[in-house]
K.L.:
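Here it is: the structure, laid out below.
Scope of the values below: all heavy atoms of this structure, side chains included, with no hydrogens, waters or symmetry mates. Model, not experiment: these values are computed from the prediction. Positions are given from 1 along the sequence.
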Amino acid sequence: MPHLALYTFGVLKSPLVDPGPLTRQFYESGETVYRKISRQPGYLGHAEAADGDRGMLFEADWGAWGGFAVPTWYDKGRTVETTALAATLSLWTDLQPAFDAIYTGPHREALNRRYDWFERTEHPSYVCWWVSDGVIPTWQDGVFKLEHLHAYGSAPQAFTFHHAFAPEGTPSTVSGIGPTSDQAR
């Protein structure tokens with residue numbers, strides 16, 4: 001049975017190595033959010049660097065998740081001193097569990113504060129796509145899918161919760177859909 005891959009990407013207002021007070025708040029809330037999401041029904045796993053160092057994203061060993069990659073529109077920097085981004089790559093059993101994890105509880109609370117931490121852009125902040133059972137999505141897959149979504153809109157190979165597709169490519173709906181656009185609100 002296919003699994004849902006979910007890639008998120010945002011440009012932070014301050015670098016990881018020297019975060020402003022708001023970016024520190026973002027990272028302090030992150031542990032609570034990840035702990036809650038990892039216990040969510042339908043959660044299968046997420047990309048983690050072997051060394052766990054936030055500032056070493058590009059140099060880190062991500063194992064089966066592949067080398068770290070970012071969209072072409074990211075222009076802040078790629079060194080420990082200049083990196084100012086937050087990205088996640090996760091795997092889920094289906095659309096509904098992923099949606100529920102993101103739009104409830106601590107993650108919902110974090111979404112309500114995202115403009116305190118992240119720059120506003122005209123690019124999508126997340127993308128979903130289906131992978132075959134046993135396939136681990138890579139960071140490069142996530143970047144490719146996010147850029148495809150930005151260029152062409154939701155399609156069976158790259159979509160949002162609001163304009164979702166089932167594994168076989170037919171349009172699908174998510175119960176309790178909250179956002180009114182392709183950007184998480």
Side-chain angles (χ1 to χ4, degrees), residues 1-10 30-54 56-72 74 78 85-108 110-111 123-179 182-184:
M1 171 155 209
H3 293 135
L4 183 78
L6 173 62
Y7 172 74
T8 66
F9 183 83
E31 187 173 321
T32 301
V33 169
Y34 266 110
R35 190 171 42 251
K36 173 79 173 165
I37 284 178
S38 70
R39 293 191 303 250
Q40 191 78 16
Y43 171 82
L44 297 173
H46 71 274
E48 290 185 271
D51 59 14
D53 186 348
R54 287 189 297 206
M56 299 289 292
L57 299 172
F58 293 92
E59 297 85 7
D61 175 7
W62 294 93
W65 303 88
F68 191 75
V70 294
T72 56
Y74 173 73
R78 295 169 186 252
L85 64 89
T88 65
L89 180 58
S90 57
L91 200 54
W92 298 84
T93 57
D94 206 353
L95 279 164
Q96 194 66 53
F99 176 84
D100 292 344
I102 291 167
Y103 290 101
T104 62
H107 196 273
R108 173 77 246 173
L111 279 177
H123 302 282
S125 59
Y126 76 96
V127 64
C128 302
W129 72 98
W130 295 102
V131 296
S132 299
D133 188 25
V135 171
I136 302 293
T138 67
W139 289 107
Q140 189 59 50
D141 295 336
V143 168
F144 176 77
K145 300 292 184 177
L146 191 69
E147 290 176 344
H148 187 279
L149 176 67
H150 177 69
Y152 304 106
S154 282
Q157 64 271 26
F159 54 90
T160 65
F161 291 115
H162 189 69
H163 296 105
F165 290 84
E168 65 276 359
T170 59
S172 183
T173 59
V174 178
S175 175
I177 193 78
D182 286 340
Q183 297 263 346

K.L.:
Roughly how far, to the nearest 0.5 Å, is the OG atom of Ser90 from the CG atom of Leu44?
P.N.:
9.0 Å

K.L.:
Yes or no on side chain to side chain contact (heavy atoms under 4.5 Å, CB included) for Phe68 and Leu89, after CA distance, side-chain angles and deciding distance?
P.N.:
CA-CA 10 Å; Phe68 191 75; Leu89 180 58; over 6 Å; no

K.L.:
Pair Arg108, Tyr103 - check side chain to side chain contact (heavy atoms under 4.5 Å, CB included), show working.
P.N.:
CA-CA 5 Å; Arg108 173 77 246 173; Tyr103 290 101; 3.1 Å; yes

K.L.:
Only one of Phe9, Phe161, Tyr7 passes ring-ring contact (aromatic ring centres under 6.0 Å, His included) with Tyr126; say which it is.
P.N.:
Phe161

K.L.:
Taking atom OH of Tyr34 as the centre, report whether more than 12 heavy atoms of other residues, nucleotides or ligands fall under 6.0 Å from it.
P.N.:
yes

K.L.:
Please check if the distance between the ring centroids of His148 and Tyr152 is under 6.0 Å.
P.N.:
yes

K.L.:
Would you find a donor on one side and an acceptor on the other, under 3.5 Å apart, between the side chain of Asp100 and the backbone of Pro97?
P.N.:
no

K.L.:
State, to 0.1 Å, how close Ile102 and His107 come at their nearest heavy-atom pair, and which atoms those are.
P.N.:
O-ND1, 2.9 Å

K.L.:
I need the Leu57 CG to Trp62 CH2 distance, nearest 0.5 Å.
P.N.:
5.5 Å

K.L.:
Are Trp92 and Tyr43 close enough that their ring centres sit under 6.0 Å apart?
P.N.:
yes

K.L.:
Checking side chain to side chain contact (heavy atoms under 4.5 Å, CB included) for the pair His3/Val131: CA distance, chi angles, key distance, verdict?
P.N.:
CA-CA 5 Å; His3 293 135; Val131 296; 4.2 Å; yes

K.L.:
Could you walk me through whether Thr88 and Leu6 pass the side chain to side chain contact (heavy atoms under 4.5 Å, CB included) test, one step at a time?
P.N.:
CA-CA 8 Å; Thr88 65; Leu6 173 62; 5.7 Å; no

K.L.:
Of all the heavy-atom pairs spanning Arg78 and Val70, show the shortest one and how long it is.
P.N.:
NH2-CG2, 3.4 Å

K.L.:
Between Gln140 and Thr138, is any side-chain donor less than 3.5 angstrom from a side-chain acceptor?
P.N.:
no

K.L.:
Can you see which heavy atom on Ser172 is nearest to which on Ala166, and at what distance?
P.N.:
CB-N, 3.6 Å

K.L.:
Testing Thr32, Ile37, Leu111 for side-chain contact (heavy atoms from CB on, under 4.5 Å) with Pro106, which one passes?
P.N.:
Thr32

K.L.:
Counting neighbours of CD on Glu31 that are heavy atoms of other residues, nucleotides or ligands and sit closer than 6.0 Å, is the number greater than 12?
P.N.:
no

K.L.:
Determine yes or no for a side-chain-to-main-chain donor-acceptor pair under 3.5 angstrom, with Lys145 supplying the side chain and Gln157 the backbone.
P.N.:
yes

K.L.:
If you compare all heavy atoms of Pro124 against all heavy atoms of Leu149, which two are closest, and at what distance to 0.1 Å?
P.N.:
CB-CD2, 3.7 Å

K.L.:
Between Ala164 and Val174, which heavy-atom pair has the shortest distance, and what is it?
P.N.:
CB-CG2, 4.4 Å

K.L.:
Minimum heavy-atom separation for Leu146 and Pro71, please, with both atom names.
P.N.:
CD2-CG, 3.8 Å

